[in-house]
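As structure tokens, the structure follows; a few thoughts come after it.
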Amino acid sequence: MKLNMKCLFLVFFALNFSFSQDNDAVLLKVDGEPIMASEFLRVYNKNLDLVQDESQKDIDGYLKLFTEYQLKLKEAKRLKLDEDKNYQREFSRYKKQLISNYISENKVTEHLVNEAYDRSNLDINASHILVRLDPSVKDTLNAYNEVLALRNRVLEEGFDKVKAEMHNGNTIFLEDLGYFSAFKMVYDFETAAYNTKAGEISMPFRTQFGYHVVKVNDRRPSRGTITVAHIMVNLNPKDSLANPEGRINDIYKKLNQGESFDALAKQFSEDKSSAREGGKIAPFKSGQLSSAEFEDTAFALKNDGDVSKPFKSAYGWHIVKRIELQPIEPLENVKDAFESKVKRDSRSKLIQEALITKLTDKYKITYNSEAKSYFTSILSNEFYSRTWSLPADFKVNETLFSINKTAFTYEDFGKHLVNAQRIYSGKTIPFQTIIDKEFDSYFEKSILQYREDNLEVENIEYANILKEYRDGLLLFDLMENEVWNKASKDSTGIETYYSKNQSNYQWTERIEVIMASSADKSQMKKILKMMKKGESEDAIKNKLNTSDKQNVIFTKGTYTLDNPILPSNLEAKKGISEIYKHNEAFHVINVVEVLPAGQKTLEEAKGNVINDYQTEIETNWINELYNRFKIEVNQETLKAVKAEIGN
């Protein structure tokens, strides 16, 4: 999936520009607060390659979006939302989660291969929330803030309730993903799922598709990977003439008569995502389709090509054909393949030992050469019984070691030793060995903590991402109060907006049909004659279908002309058609009614109306912010920015 300029205010990375921190310039001021050119350039250049439309590279257009983002931040701080305890608590959680990605080193390939293989043997059942990033959204922070809002609602109201209200299949997805394992999802998503306990929901994270949270429902062993095709009849079919169980049995008769599974799937399967492919669905592991009935029936088929009897799941009636089964293989058989996948996948993990070595080389470390001998001298046998304490004349403020200019004192290490006594209870390990081991342990903990405490200064990438989280959380309450709640709860405003913009909410042309289908053209000629004589569907079926032979199936529904169930050259004209060949069968279509393009009611268009009304509210609100806060653009700096970019 290609991202776009919507990414403007999301993950910021360090880039090199002529406007360095040492030689920067103010690009604009928001109510007197300066915003530097380097900050704007970082945002612009990071997202430059994601632009699909050349016109979107215009600096003035970017500056407008950037300015509006700064206005929102200014308003949030004016309202003191950054002082809210809930905000501060949530930000601390995000910081803890984020920092873990920056305080470890890459693991060896062997570890990654073992991890991936282990994961491939464990299927995780999960649901997720995705707020997609697409070209229609002006500010990418909206996606980030929306997923935060949805996560909070799920925690309070439950996944199914929020899904029913908010899933639109366009920009917001709340989906049950079924079971998956290694390499089935992007690695960031996979890792978030495996790091989340069953019954819990993760904190938001980003992939190339947008912002997610993942809710882990279950974990279970894998049974291998199977590929099948199926024919499905919905429990509540659009065809009012069909009884679901009767219809699937009619189709099963046709299979037993020797008709092609592929052709019957194309004609009658109501799973339109697979019908065009003869019913074939993507390979899946045990339980991945979130239907135990479907899973058990598929895996029970013994041989490739075997076909099940009709069976019922929570989604409808099915017939399944096994295409291929790939069982789990031992690691030694698949190690090379897994290693190849790992090398193509961004699976590098950081491990503590490598990071400590790296940091020790990076920082200026100064040790007190007398420290270890001093601490060895003050230990006593009480240490083994957990009754030891620091002596009265303990050198509290003596420096143990320093990292750059930060000193770690004897007092700090002394407290560490007091707490470490429990490890050595009842043992008689030499004091020197204890001191050496605990010194190393304390040093590792200290250097990692130093790295964490100074990471925002040392790592520009981390600092910018942390700023994004900080600002995103801050803007969440602001956007909710000023835009989202107003749009969704203002029933009068929604009605007024709909009344003024009815032309935007229209139905396309549709037809109501009764369609007869048969694999036998000679039978279809008989059916055409009977239909033209006005005989009913039941009368035709009674004459042509027998207990052993299914010669005709009728389908009834309302469709747009581009629906794949209809022949592509069908005319939107009332009456009984001639015979069409379509999907490897023959059809006669009785067009009962032509429903012209027309106006949608407010109820029919409500979701789109609310989205559009929200956009209007936000536009008016932004205009108010422009009036509230003074914007000053340094034209000389802007000119220099344009010259540097070549815009």
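Keep in mind that what you see is a predicted model, and the values were worked out from it rather than measured. All heavy atoms count here, side chains included; hydrogens, waters and symmetry mates do not.
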Item checked: Derivation of the side-chain hydrogen bond (donor to acceptor under 3.5 Å, both in side chains) call for N485 and S488 -> CA-CA 5 Å; N485 285 346; S488 61; 4.6 Å; no

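- The side-chain hydrogen bond (donor to acceptor under 3.5 Å, both in side chains) search around K532 returns E578, not counting sequence neighbours.
- Applying the salt bridge (charged side-chain N to carboxylate O under 4.0 Å, His left out) rule to pairs touching residues 309-328 yields D304-R322, sequence neighbours excluded.
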Next item on the list: Kindly indicate, with the supporting measurements, whether the criterion salt bridge (charged side-chain N to carboxylate O under 4.0 Å, His left out) is fulfilled by E175 and K163.
Entry: CA-CA 8 Å; E175 299 173 307; K163 176 182 177 181; over 6 Å; no

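- When ring centroids are compared, F311 and H318 come within the 6.0 Å threshold.
- Around the NZ atom of K253, the shell of radius 6.0 Å holds more than 12 heavy atoms that belong to other residues, nucleotides or ligands.
- Residues A298 and V228 approach most closely at CB-CG1, 4.1 Å, considering heavy atoms.
- The only member of V592, T560, L570 that meets side chain to side chain contact (heavy atoms under 4.5 Å, CB included) when paired with I511 is L570.
- For E584 and K266, the salt-bridge test passes: some basic side-chain N is under 4.0 Å from an acidic carboxylate O.
- In this structure, R206 forms no cation-pi arrangement with Y144, as its terminal cationic atom is not both closer than 6.0 Å to the ring centre and no more than 45° off the ring axis.
- In the model, T555 has a side-chain atom that pairs as donor or acceptor with a side-chain atom of R247 under 3.5 Å.
- Among all heavy-atom pairs drawn from S120 and A182, the shortest one is N-CB, 3.9 Å.
- Heavy-atom minimum distance, K526 versus L544: CD-CD2, 4.4 Å.
- Side chains of D218 and N125: a donor-acceptor N/O pair is absent below 3.5 angstrom, by distance only.
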Notebook entry, point to check: Under the salt bridge (charged side-chain N to carboxylate O under 4.0 Å, His left out) criterion, do K486 and E482 qualify, and how do the steps go?
Noted result: CA-CA 7 Å; K486 288 183 179 179; E482 300 298 329; 3.5 Å; yes

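- For the pair M531 and N590, the tightest heavy-atom approach, listed with the atom from each and the gap, is CE-CB, 3.9 Å.
- Of all the heavy atoms in V588 and M524, the pair that sits closest is CG2-SD, 3.4 Å.
- Remark: D176 does not engage K215 in a salt bridge, criterion side-chain N to carboxylate O under 4.0 Å.
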Next item on the list: Take F183 and F338 through the test ring pair (Phe, Tyr, Trp, His ring centres under 6.0 Å) and record every step on the way to the result.
Entry: CA-CA 10 Å; F183 304 114; F338 269 78; 5.8 Å; yes

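- The heavy-atom pair separating I124 from A193 by the smallest distance is CD1-O, 3.8 Å.
- Salt bridge annotation for K280-D262: absent, with no cationic side-chain nitrogen under 4.0 angstrom from a carboxylate oxygen.
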Next item on the list: Apply side-chain hydrogen bond (donor to acceptor under 3.5 Å, both in side chains) to N121 and S181, showing your working.
Entry: CA-CA 7 Å; N121 286 277; S181 62; over 6 Å; no

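- Counting heavy-atom neighbours within 6.0 Å of K272 NZ, excluding the residue itself, gives a total above 12.
- Donor-acceptor pairing under 3.5 Å is recorded for the side chains of T171 and N168.
- Evaluation of the ring-ring contact (aromatic ring centres under 6.0 Å, His included) test over residues 493-519, restricted to residues two or more places apart or in two chains, returns Y497-Y613.
- Within 6.0 Å of CD on E293 lie more than 12 heavy atoms contributed by other residues, nucleotides or ligands.
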Check: side-chain hydrogen bond (donor to acceptor under 3.5 Å, both in side chains) between N583 and Q267: does it pass, once the steps are laid out?
Finding: CA-CA 6 Å; N583 285 337; Q267 293 174 62; over 6 Å; no

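- Checked against the 6.0 Å centroid criterion, the rings of F173 and H128 do not qualify as a close aromatic pair.
- Between the side chains of S273 and D271, at least one donor N or O lies within less than 3.5 Å of an accepting N or O.
- With rounding to the nearest 0.5 Å, the separation of CD1 in I494 from NZ in K489 is 11.5 Å.
- Contact check on E165 versus R153 returns a salt bridge, with a Lys/Arg side-chain nitrogen under 4.0 Å from an Asp/Glu carboxylate oxygen.
- The distance between the ring centers of F476 and W484 falls below 6.0 angstrom.
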